Amino acid sequence: MYTEKISQLKNAVGQIIVGQNAATNMLLTAIIADGHVLLEGVPGVAKTLLARLMARLLGAQYGRIQFTPDLMPSDVLGTEVYDPNTASFRFHQGPVFGEIILADEINRAPAKTQAALFEVMEERQVTVAGKTYKMSPVFTILATQNPIEQEGTYRLPEAQLDRFLCKIVMGYPSVDEEVVILSRHQLNTRLQALDDVAALLSPSDILEMRAAMDRVLVDTAIMRYIANITAITRNSPTIVMPASPRAAVCMMRMAKAFALISGRDYVSPDDVRMVAPAVLVHRIQLSTEAEMEGINIASEISRLLNTASAELK
């Protein structure tokens, strides 16, 4: 039903952002799967632009929070302000209230501010002064972080990382893709402004797609395949922090959403293999010995997926 719209949306992203097709696909999958996303990459690979553009194309209310070391929880969530006209306090909403929220450089905020996002990310609500405020049904956090820079940053704890449905690593474009980027800048003195981009979907469409995702079929064999993947992480000598049951649930949700945007009403093993790296990359941790031997997370995930796939056959 939405296959044509999804294709148009991907093409619209490609008209502005070059070389991030995989990231675009995975981000759209995560939003439909009703999860928060961690975007990781060096400066200049279009992390912020992708988040803003996706919000624009989805017709969602966009908000941005620039995380800094002096940012307080009330700066994110909001606070009660005294109104002299009514002699009472009224709640002033923080920038987290919206539909698609960009948490830019989230690892620059101190632990107490990062922790302020726990409730709103997990429960989709904010509690201030004993009062609870519900978020939009399509509320989604898109957080960015720079993996290279360490000065003035605070590492996200595992409990916070686990709140993110997936982590999308945005790398450098290829030489050909970078030539396209340069050509566009050469030919256009003024590139297309985001304000000129028309919405192709709406928040109600997102909710309908989420309802359709819930109806995507997952065979018992696929469920066992997902369970085997997480089980392998728990039995691997190179992994000191394996995947939890939540990782398996997230993998199934992502696979269902990926099948939906691919035009199918059932999940295949290929769907699981496509989404598994993004779901697992921030949830498992290698041992010191494995890292000293030159093993990285990406290669380890590839190995365990190959092992689980061999068992599936």
Side-chain angles (χ1 to χ4, degrees), residues 26-40 47-48 50-52 54-56 58-81 89-145 153-168 202-204 206-207 209-210 213 244 246-247 249-250 253-254 257 278-279 282-283:
M26 206 54 59
L27 177 57
L28 184 59
T29 300
I31 292 174
I32 294 172
D34 194 13
H36 307 293
V37 181
L38 185 62
L39 297 169
E40 184 176 277
K47 301 186 297 296
T48 301
L50 178 60
R52 293 176 58 200
M54 188 62 70
R56 187 76 184 177
L58 295 177
Q61 181 186 354
Y62 172 79
R64 174 174 175 169
I65 308 170
Q66 184 64 53
F67 281 73
T68 57
D70 60 348
L71 194 71
M72 300 295 290
S74 59
D75 297 329
V76 176
L77 305 179
T79 186
E80 288 204 322
V81 179
F89 287 90
R90 60 180 177 83
F91 179 64
H92 181 73
Q93 292 183 351
V96 77
F97 283 84
E99 292 174 331
I100 291 185
I101 306 299
L102 174 64
D104 206 11
E105 296 185 291
I106 189 172
N107 55 334
R108 286 196 174 278
K112 63 181 178 181
T113 303
Q114 292 178 8
L117 290 175
F118 272 22
E119 180 189 17
V120 69
M121 291 178 68
E122 189 70 17
E123 306 295 337
R124 299 300 208 281
Q125 64 183 30
V126 169
T127 302
V128 177
K131 297 179 182 178
T132 300
Y133 304 89
K134 296 292 185 180
M135 309 302 290
S136 164
V138 297
F139 171 74
T140 304
I141 291 282
L142 306 181
T144 70
Q145 69 175 11
T153 63
Y154 302 82
R155 184 180 179 274
L156 294 178
E158 280 68 27
Q160 176 95 25
L161 286 171
D162 202 41
R163 263 44 176 208
F164 291 98
L165 177 64
C166 67
K167 182 170 90 168
I168 301 173
S202 67
S204 61
I206 298 174
L207 296 179
M209 294 179 74
R210 288 176 180 175
M213 181 202 74
S244 67
R246 180 184 288 179
V249 173
C250 291
R253 284 170 52 197
M254 284 283 287
V279 173
H282 61 301
R283 286 188 166 92

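As a basis for the values below, the full set of heavy atoms in this structure was taken, side chains included, without hydrogen atoms, waters or symmetry mates. Bear in mind the structure is a predicted one, so any value in this text is a computation, not a measurement.
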Contact between [X] and [Y] at the side-chain level, heavy atoms closer than 4.5 Å - yes or no?
X	Y	answer
Met26	Lys167	no
Asp104	Thr48	yes
Tyr62	Leu102	yes
Glu40	Thr144	no
Phe164	Met121	yes
Ile168	Leu27	yes
Tyr133	Leu77	no
Thr140	Ile101	no

All side chain to side chain donor-acceptor pair (under 3.5 Å) counterparts of Arg52, not counting sequence neighbours: none

- prompt: Is it true that His92 and Phe97 have ring centroids separated by less than 6.0 Å?
  reply: no

Ignoring hydrogens, what is the shortest heavy-atom contact between [X] and [Y]? Give both atom names and the distance.
X	Y	answer
Gln125	Met135	N-CG, 3.7 Å
Met54	Leu28	SD-CD1, 4.3 Å
Val96	Phe139	O-CE1, 3.3 Å
His282	Leu165	CE1-O, 4.1 Å

Under a 3.5 Å distance rule, please check whether [X] uses its side chain to pair with a backbone N or O of [Y] as donor and acceptor.
X	Y	answer
Arg64	Ala103	no
Arg108	Pro69	no
Ser136	Gly98	no
Arg210	Ile31	yes
Arg283	Val279	yes
His36	Ala143	no
Glu99	Gln61	yes

query: Going by atom types alone, do Gln66 and Glu105 pair a side-chain donor with an acceptor below 3.5 Å?
result: yes

message: Return the CE to CG distance between Met209 and Leu58, rounded to the nearest 0.5 Å.
response: 9.0 Å

query: If you measure from CG on Asp75 to OG1 on Thr68, what distance do you get to the nearest 0.5 Å?
result: 7.5 Å

- request: May I have the step-by-step check of salt bridge (Lys or Arg N to Asp or Glu O under 4.0 Å) for Glu122 and Arg246, ending in yes or no?
  value: CA-CA 13 Å; Glu122 189 70 17; Arg246 180 184 288 179; 3.8 Å; yes

message: Walk me through whether Leu142 and Leu38 qualify under side chain to side chain contact (heavy atoms under 4.5 Å, CB included).
response: CA-CA 6 Å; Leu142 306 181; Leu38 185 62; over 6 Å; no

